[in-house]
Q: 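Pasting in a structure now, in structure tokens, and then I'll have a few things to ask.
These numbers come from the heavy atoms of this one structure, side chains and all, not from hydrogens, waters or symmetry mates.
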Amino acid sequence: MAAKRGTKTSMKNMEKELLCPVCQEMYTQPLVLPCAHNVCQTCAREVLGQQGYIGHGGDPSSEPTSPASTPSTRSPRLSRRTLPKPDRLDRLLKSGFGTYPGRKRGALHPQTIIFPCPACQGDVELGERGLSGLFRNLTLERVVERYRQSVSVGGSIRCQLCKPPPLEATKGCTECRATFCNECFKLFHPWGTQKAQHEPTLPTLSFRPKGLMCPDHKEEVTHYCKTCQRLVCQLCRVRRTHSGHKITPVLSAYQALKDKLTKSLAYILGNQDTVQTQICELEETIRHTEVSGQQAKEEVSQLVRGLGAVLEEKRASLLQAIEECQQERLSRLGAQIHEHQSLLDGSGLVGYAQEVLKETDQPCFVQAAKQLHNRIARATEALQTFRPAASSSFRHCQLDVGREMKLLTELNFLRVPEAPVIDTQRTFAYDQIFLCWRLPPHSPPAWHYTVEFRRTDVPAQPGPARWQRREEVRGTSALLENPDTGSVYVLRVRGCNKAGYGEYSEDVHLHTPPAPDTTQTAGTTAVLKTPQWRRCRPSPSSPSAWARSCWALEQVPTQG
């Protein structure tokens, strides 16, 4: 019972594998496209019709509707004609004489049918015959039929020839394309007639040919072409198009593919725990992705809001400055208006001056008129040299936001630094290794760098090469102390910023100077100082490039 329940569950879970990618329903007479995907025959015709191809949606199976219309009995003359032997047929084809089923005459410029596969979204070439050159996937049809019978509520198939109510069908006939109960099968297949030779099958809702037929020659396929990865019949095998190809019997291809599929399936079933662990890891990654994405959105929103707050604060300060300048100018212009209004006839100043002029007492007049004359003189001078006390233009308050607008337009996510370029002219090795590099011109900035180095003249150890690292190097140079003498070092650098680590630079090889020579002379040790050499070159891409590379060799003079 448990095994049966598990089988039903497995059948239900594979429903998505049995859906046509075009109509999203169960496959009906599926065709195998050259890209190995399947599509219903009716859907394929509709797709070709939408693409503008007319008359290329023939039925590749060419199923007979009755035993009298099978290829072997369609014509008495055709049934009496015997096919030539394969060796003779091969000679005829190579010589260019004769015709054979599927051969086109006068096809100088055949039209190539392009089919847009809905599964892989690629354009598939169907050749000049269109759907007529495709195989029908009979195995998939059988799987669909078994699935329908397993999930159907009333799983029984009824006899198509019984009087109502029909009995449950027990047999099917591929030749008659109908299902029968026991009594109806005996009635419609009487003993002694040609129909009595029909082989009964299990009852089914769809009838298929007994074997897979070649769409070109309507012959049963017997071989498999490994070069073309296509099933072929006896006539296809001897055609020129398959000359020199690796062709094996269908039985060999069947056994090989079945063994491979069995091993692959056994491996998958034996690693169910690993699959489930990886699914859990992917689900956890999805959750982290959602959380990280939300955090990134909040960070971007916060930064943009910060930019908006800074702009708002700057706007308020600029408007305040303009307001103060405007009030100061209005005050000065208002004072100038008040001064000019005092010069008008009937104003207080003019009337006061006229009354002062009536004074006859000379000392008193001089006392009062002195200050008044100074005011009237200033007013007269302002009248003669009139100019507004303040400008009405605010051109000096115009903002130049071109640079800021460009920066805001170019505002984007931070990118990792590009691969640094090691300066081989400034990189050298004495008793220490001095490494110098720079970033490309348009590279994003790097906050710090990681320098990695290792010796190349030591015996190789199993596993990946082990690099020594100097982390968080500030600046564009690094000093590596106490290197081994007489050794070849390979070095590389990469930058890092908030976005992460960038690519490594090209490897650079450095040769450290040899160790000093010591010589024993008369009980004393003489130390002969050796000149220090600098050897620096990029990593070669090929042996020839290595041989052609020129080392920068420089002798450094020693002191003493």
Side-chain angles (χ1 to χ4, degrees), residues 10-11 13-48 50-51 53 56-62 102 112-147 206 208-209 211-217 219-233 236-237 239 241-242 245-269:
S10 176
M11 294 291 287
N13 291 337
M14 73 175 183
E15 179 177 356
K16 61 182 180 181
E17 302 290 338
L18 309 180
L19 297 179
C20 173
V22 178
C23 62
Q24 294 300 319
E25 295 182 358
M26 293 288 179
Y27 284 108
T28 304
Q29 295 185 1
L31 304 178
V32 183
L33 299 175
C35 59
H37 293 111
N38 299 281
V39 65
C40 294
Q41 184 181 118
T42 305
C43 297
R45 291 178 180 176
E46 293 178 357
V47 170
L48 285 183
Q50 294 174 0
Q51 296 295 320
Y53 296 106
H56 296 281
D59 186 355
S61 62
S62 299
T112 301
I113 310 300
I114 304 298
F115 185 87
C117 178
C120 62
Q121 304 298 324
D123 292 335
V124 182
E125 293 187 5
L126 302 183
E128 58 181 291
R129 301 185 65 235
L131 300 180
S132 301
L134 299 181
F135 281 101
R136 185 169 161 182
N137 197 336
L138 301 181
T139 302
L140 181 57
E141 287 190 46
R142 296 187 183 100
V143 174
V144 170
E145 181 180 349
R146 289 197 297 268
Y147 174 81
S206 61
R208 298 171 298 274
L212 194 60
M213 310 300 289
C214 173
D216 294 332
H217 308 115
E219 298 288 338
E220 186 176 358
V221 294
T222 56
H223 291 77
Y224 179 76
C225 178
K226 293 184 177 180
T227 306
C228 302
Q229 296 186 357
R230 179 183 174 88
L231 291 165
V232 294
C233 65
C236 292
R237 190 174 70 88
R239 291 180 63 182
T241 54
H242 295 282
H245 289 188
K246 220 175 199 182
I247 298 179
T248 61
V250 132
L251 179 61
S252 301
Y254 161 80
Q255 193 62 43
L257 288 174
K258 188 173 184 179
D259 292 344
K260 289 181 180 180
L261 184 58
T262 302
K263 291 180 180 178
S264 300
L265 188 59
Y267 177 80
I268 292 176
L269 295 177

Q: Heavy atoms only: give me the nearest Met26-Leu19 pair and the separation to one decimal.
A: N-CD2, 4.0 Å

Q: If I take atom CG from residue Asn38 and atom CG from residue Leu31, how far apart are they, to the nearest 0.5 angstrom?
A: 8.5 Å

Q: Closest heavy-atom contact between Glu141 and Gln29?
A: OE2-CA, 3.6 Å

Q: Does Asp123 have any side chain to side chain donor-acceptor pair (under 3.5 Å) partners at least two apart in sequence or in another chain, and if so, which?
A: none

Q: Are there more than 12 heavy atoms of other residues, nucleotides or ligands under 6.0 Å from atom CD of Gln24?
A: yes

Q: If you define the side chain from C-beta out and look only at heavy atoms, does anything of Cys233 sit under 4.5 Å from Glu220?
A: no

Q: Taking atom CD of Glu219 and atom SG of Cys236, what is their separation to the nearest 0.5 Å?
A: 9.5 Å

Q: Within this structure, what is the OG-CG distance for the pair Ser264 and Leu269, rounded to the nearest 0.5 Å?
A: 10.5 Å

Q: Got a sec, which residues hit side chain to side chain donor-acceptor pair (under 3.5 Å) with Glu46, two or more places apart in sequence or on another chain?
A: none

Q: With no hydrogens and no angle check, do the side chains of Asp259 and Gln255 hold a donor and an acceptor under 3.5 Å apart?
A: yes

Q: Show the nearest heavy-atom pair for residues Leu131 and Gln41, with the distance to one decimal.
A: CD1-O, 4.4 Å

Q: Could you tell me the separation between the CG atom of Leu251 and the OG1 atom of Thr222, rounded to the nearest 0.5 Å?
A: 11.5 Å

Q: Is the closest side-chain heavy-atom distance between Tyr224 and Gln229 below 4.5 Å?
A: yes

Q: What closest approach, in Å, do Tyr27 and Cys20 show between heavy atoms, and which atom pair accounts for it?
A: CE2-CA, 3.6 Å

Q: Report yes if some heavy atom in the side chain of Ile247 is under 4.5 Å from a heavy atom in the side chain of Thr227; otherwise report no.
A: no

Q: Side chain to side chain contact (heavy atoms under 4.5 Å, CB included), that's the test. Do Val143 and Leu18 meet it? Break it down for me.
A: CA-CA 8 Å; Val143 174; Leu18 309 180; 3.8 Å; yes

Q: So which heavy atom on Asn137 is nearest to which on Leu140, and how close?
A: OD1-N, 3.1 Å

Q: For Glu125 and Ile114, what are the C-alpha separation, side-chain angles and deciding distance, and is it a side chain to side chain contact (heavy atoms under 4.5 Å, CB included)?
A: CA-CA 5 Å; Glu125 293 187 5; Ile114 304 298; 3.5 Å; yes

Q: Is the shortest heavy-atom distance from the side chain of Leu126 to the side chain of Leu134 under 4.5 Å?
A: yes

Q: Looking at every heavy atom in both Lys226 and Thr248, which two are closest together, and how far apart are they?
A: CE-CG2, 3.6 Å

Q: Going by heavy atoms in the side chains, are Pro21 and His37 under 4.5 Å from each other?
A: no

Q: Do Val22 and Cys40 touch side chain to side chain, with heavy atoms closer than 4.5 Å?
A: no

Q: Would you compute the distance between atom NE2 of His223 and atom SG of Cys214 and round it to the nearest 0.5 angstrom?
A: 13.0 Å

Q: Counting C-beta onward and ignoring hydrogens, is there a side-chain heavy-atom pair between His242 and Cys228 closer than 4.5 Å?
A: yes

